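Inspection log for the structure reproduced underneath, given as structure tokens.
Keep in mind that this is a model prediction, so the values were computed, not measured. In what follows, every chain begins at residue 1, and chains take the letters A, B, ... in the order their sequences are listed.
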Amino acid sequence: MEEVADDELLRRHVAGDSTAFDTLLRRHKDRLWSVALRTTGHPQDAEDALQDAMLNAYRRAGSFRGDAAVTTWLHRIVVNACIDRARSRSARPTQPLLDASGASDIADRRDAVAEREAALDVASALSQIPDDQRAAIVLVDIEGMSVDEASRALGVPSGTVKSRCARGRVRLAQLLRDDAGRNGQAPANVPQEGPMKGGDGT
Amino acid sequence: MSESHVDIDVLADLDAGLLDAARTEDVRAHLVSCPTCAEQLRQLQDVRAALASLRDVAMPDDVLDRITASLAPPAAVIPIIRRRHRARSTFLVAVSSAAAIVVGVFLGHLTSAPTGQPTSTDLAVAGSGSLLAPVTTPGSAVGPTLATATAVPGSVNAPQGTAQPSSNPAPVNPQTAAMPTANPASTSAAMAASSGSSSGSGRGASASPGASLSPGAPLTSADLEQVAKVLLAKPAAVDACPAFTVPAGSTSARSEPLPADGVNTSLVVYRLGNTAVADVVAGNCATGPTTVVDAVRFSVA
């Protein structure tokens with residue numbers, strides 16, 4: 001049986017098909033969950049944000065205009081829900097992705113992937129960079145969106161997406177280097193006295 | 001340029017394609033002769049590679065279950081208007097459009113008080129979940145819940161900041177019946193309340209869709225607006241209740257029969273300028289006379 005396209009599922013949902021949205025959600029659940037998990041940096045926040053986002057998408061499906069992919073539209077809603085939640089959240093410090101649902105998957109993968117340590121470090125370092133930068137990096141570097149797609153998903157110009165990614169990568173590189181330094185494992189060939197400077201300006 | 005190091009932010013800009021051609025050339029020329037900066041750039045590229053190697057994390061089943069449950073038609077049965085009525089019946093109204101959009105309009109019970117005092121009609125509308133994608137067919141499973149919900153006047157929560165119950169038998173006052181236009185903030189608040197999406201132990205406790213029509217849950221103003229829009233979007237045709245005359249100046253009149261319990265009732269929707277009006281009309285719609293027994297009004301763009 002041929003798979004129904006995303007936009008067709010959305011149309012059917014708007015037309016009253018009670019299973020269409022569920023099909024859409026199940027098709028993209030892991031990707032949306034990953035985006036929410038990494039953008040919020042916390043499983044509970046990710047779930048809350050994703051629930052907000054899916055309700056929003058469910059109810060506003062009629063406003064989807066088809067000028068972007070359904071997945072881009074969904075990502076935009078999810079990322080915005082995550083950012084809203086981060087803003088409304090009190091000053092609770094962001095916790096690394098080391099607990100509950102995200103942890104086991106990452107841990108499992110670590111055994112299988114050669115860059116086990118690096119992958120984990122990146123995932124946890126990601127939670128320590130500014131929200132704007134993290135959202136851009138999640139979409140572009142992790143989810144593999146083009147800058148243009150991410151621009152539409154985030155509702156900011158392409159140049160801003162690039163800039164946020166650039167600043168975020170600098171911050172991540174610094175965090176990873178600092179982490180390596182703390183553990184007494186100076187990474188090979190990494191200059192310890194380079195021209196690095198703080199670069200989390202957005 | 002070749003003497004001093006390049007700032008890592010510049011290297012990141014280079015890597016992200018943010019530098020103009022001339023600057024790009026300068027920096028690349030420097031990189032050829034500066035291992036330190038070349039290593040910095042490599043680190044940035046390593047970060048990208050590490051990020052790209054992160055794969056999607058599977059959504060836990062319980063998370064999926066809770067999110068799916070929250071998408072069930074929201075528990076949204078509330079009184080919009082209470083007016084006296086002499087009939088005694090429970091109305092369960094389902095208006096189906098040709099586009100298979102089901103608008104759940106539930107008329108609460110019409111109780112005849114033995115003392116002869118005015119009784120009330122609760123007009124409640126199902127949440128927009130059933131407007132967009134009916135997960136359940138309003139039917140017998142809903143009826144008892146609804147009847148229970150409306151059996152005790154005042155037991156059902158009033159909508160947040162929307163219409164207030166009115167026992168005035170006079171023609172509906174737009175001020176008391178008017179629903180504000182959709183407000184994202186209040187809508188999301190109501191959504192959160194109805195879906196239990198706020199964090200806490202109560203999350204995910206949603207029952208089956210059929211049981212979700214419970215008393216006390218709020219209805220968003222957006223829900224009401226959509227009821228009118230769905231009906232107004234259909235071709236104008238006062239075919240279900242020709243004996244009812246819509247007010248002069250109204251447009252887009254449309255009527256739908258309400259499968260009521262022993263009472264001839266129709267829902268007539270029309271526009272008066274920027275106001276959409278949904279009148280619940282009782283009586284003989286073919287020959288008259290007819291009476292407006294309930295109405296909701298809300299502004300439309």
ask   = Tell me, do Asp13(B) and Lys162(A) make a side-chain contact under 4.5 Å, heavy atoms counted?
value = no
task = Can you label the angle between the His13(A) ring and the Phe21(A) ring as parallel, tilted or perpendicular, going by 30° and 60°?
result = tilted
query = What part of Leu25(A) lies closer than 4.5 angstrom to a heavy atom of chain B: side chain, backbone, both or neither?
reply = side chain
request  = Give the member of Leu64(B), Leu14(B), Asp46(B), Asp62(B) that has the highest number of heavy-atom pairs under 4.5 Å with chain A.
outcome  = Leu64(B)
query = Does Asp20(B) come within less than 4.0 Å of Arg23(B), counting only side-chain N to carboxylate O?
reply = no
message = Only pairs of heavy atoms separated by less than 4.5 Å count here; which of Glu143(A), Lys29(A), Arg26(A) has the most with chain B?
response = Lys29(A)
note = Among Gly144(A), Ser34(A), Gly159(A), the residue with the most heavy-atom pairs under 4.5 Å to chain B is Ser34(A)
key: Segment of Ile137(A) engaging chain B (4.5 angstrom heavy-atom cut-off)   = side chain
inquiry  = Quick check on Asp22(A) against chain B: is it the side chain, the backbone, both or neither that has a heavy atom closer than 4.5 Å?
reply    = side chain
query = Is a donor on one side and an acceptor on the other found under 3.5 Å between the side chain of Ser127(A) and the backbone of Ser124(A)?
reply = yes
inquiry  = Taking Asp45(A) first and then Arg85(A), would you say they form a salt bridge - that is, a charged N and a carboxylate O separated by under 4.0 Å?
reply    = no
